[in-house]
Amino acid sequence: MIRPLLALVLASGFASSASAAPRDWVAANREAILGEYLPLLAIPNVASNRADIRRNAEHIMAMMRRRGLAPRLLEEGDAPPLIYGEWPVPGARRTLVLYAHYDGQPVTPADWTITPPFEPRLVGEGDAARIYARSASDDKAGVMAILAAVDALRAEGRAPSFNLKIVLEGEEEAGSPHLAALLRRHRALLRSDGWIIIDGPPTSRARPSSPSACGATSMSSSASTGPSGRCTAAITAIGRPIRR
């Protein structure tokens with residue numbers, strides 16, 4: 001899951017194509033990625049458990065801090081915080097926000113027959129390998145893909161072609177009841193040319209779907225229907241229209 005998401009993030013305008021394909025970079029750095037990703041998956045992240053959500057936020061803040069992304073928490077009362085980070089790029093004329101969420105759905109431990117939900121387990125080898133854990137795909141994979149893309153660029157001495165802002169939400173699976181208020185409160189900080197949402201359901205053929213980008217000053221949602229079923233994605237944006 002990390003590899004296709006990493007490819008999508010890098011293709012979203014981070015820079016011209018890297019000298020090595022995302023597949024090659026992930027393969028070369030697999031152990032380091034897993035060594036950082038599995039401990040993140042081991043932290044319970046049901047949105048209603050505020051203490052666990054805070055542990056996740058602090059853990060991700062430390063991951064971002066190691067990458068020089070200047071993380072901070074954006075808070076609204078006792079709601080799960082947004083995690084904010086940034087990578088300003090001198091001379092960049094655009095600013096984009098990458099969004100993912102770090103909370104997960106409630107779990108029924110009895111339904112987990114391969115491994116308990118917060119004891120991540122890697123099963124299989126090579127391209128057939130799968131990580132079993134709550135939020136291993138939706139959506140801590142999005143969090144890890146964003147941070148791995150930062151690593152991939154910095155390993156080559158490159159920078160995005162735009163100012164990068166990162167927003168990670170802690171209650172998406174609960175319906176994002178505080179997101180609108182947080183966006184309004186931090187409107188100036190989050191101003192951008194558009195948002196890219198690193199989240200969403202898999203396609204019917206288990207292929208990665210392209211993240212959505214939008215530039216606006218309001219909240220909107222979109223839905224698409226294919227031959228095998230209906231796929232919906234909610235998008236929140238704030239900022240100026242994207243120049244295409």
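This chain uses plain numbering: 1 for the first residue, then up along the sequence. Not measured: the values here are computed from a predicted model.
The backbone N or O of G124 sits nowhere less than 3.5 Å from a side-chain atom of R130 that would complete a donor-acceptor pair. Although no hydrogens or angles enter the test, the distance criterion places no donor-acceptor pair under 3.5 Å between the side chain of Y132 and the main chain of T113. Of the possible donor and acceptor atoms, none in the side chain of D138 sits under 3.5 Å from a partner among the backbone N and O of D199. The backbone N or O of T95 lies less than 3.5 Å from a partner atom in the side chain of D193, making a donor-acceptor pair.
Taking CG of L82 as the start and OG of S176 as the end, the distance is 9.0 Å to the nearest 0.5 Å. N45 contributes atom CG, which lies 9.0 Å from atom CD1 of I43 (distance to the nearest 0.5 angstrom). Taking CG from L182 and CG from L74, the interatomic distance works out to 7.0 Å, rounded to the nearest 0.5 Å. To the nearest 0.5 Å, atom CD1 of residue I60 and atom CG of residue L73 are 10.0 Å apart. With rounding to the nearest 0.5 angstrom, the CG atom of L183 is 4.0 Å from the CG atom of L179. Here the CG atom belonging to L40 is positioned 9.0 Å from the CG atom belonging to L147, to the nearest 0.5 angstrom.
In terms of heavy atoms, P80 sits closest to A47 at CG-O, 4.0 Å. Nearest heavy atom pair, residue W112 against residue R134, reads CH2-N, 3.3 Å. In this structure, I198 and G142 approach most closely via the heavy-atom pair CG2-CA, 3.8 Å. S161 and A92 get closest at one heavy-atom pair: O-CB, 4.2 Å. Heavy atoms only, all atoms of each residue included: P177 and A174 are closest at CD-O, 3.8 Å. Closest non-hydrogen pair, G104 versus S135, comes out as CA-OG, 3.4 Å.
In terms of hydrophobic clustering, with Ile, Leu, Val, Met, Phe, Trp and Tyr side chains grouped at heavy-atom distances under 4.5 Å, L164 and M63 are assigned to a common cluster. Taking hydrophobic clusters as Ile, Leu, Val, Met, Phe, Trp and Tyr residues chained together by side-chain heavy-atom distances below 4.5 Å, M144 shares a cluster with L122. L189 is connected to W195 through a chain of hydrophobic side-chain contacts under 4.5 Å among Ile, Leu, Val, Met, Phe, Trp and Tyr, so both are in one cluster.
Between V46 and D103 the shortest side-chain heavy-atom distance does not fall below 4.5 Å. The side-chain heavy atoms of L38 and I131, taken from C-beta on, include a pair separated by under 4.5 Å. Annotation: side chain of L153 is in contact with side chain of W87 (closest heavy-atom distance under 4.5 Å).
Annotation: side chain to side chain donor-acceptor pair (under 3.5 Å) contacts of Y102 (sequence neighbours excluded): none. A28 meets the side-chain contact (heavy atoms from CB on, under 4.5 Å) test with no other residue; sequence neighbours excluded. Applying the side-chain contact (heavy atoms from CB on, under 4.5 Å) test to P88 and every residue at least two apart in sequence or in another chain returns E86, N163. Residues passing the side-chain contact (heavy atoms from CB on, under 4.5 Å) test with D151 are W25, R67, sequence neighbours excluded.
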_Residues I196, L96; criterion side chain to side chain contact (heavy atoms under 4.5 Å, CB included); working and verdict_ = CA-CA 7 Å; I196 298 173; L96 294 180; 4.1 Å; yes

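Under the salt bridge (Lys or Arg N to Asp or Glu O under 4.0 Å) criterion, no residue pair touches residues 162-178, with sequence neighbours excluded. Legend: side-chain hydrogen bond (donor to acceptor under 3.5 Å, both in side chains) pairs involving residues 69-80, not counting sequence neighbours, sorted by first then second residue: R54-E75, E76-R185.
The only member of I166, V150, I146, V143 that meets side chain to side chain contact (heavy atoms under 4.5 Å, CB included) when paired with M64 is I166.
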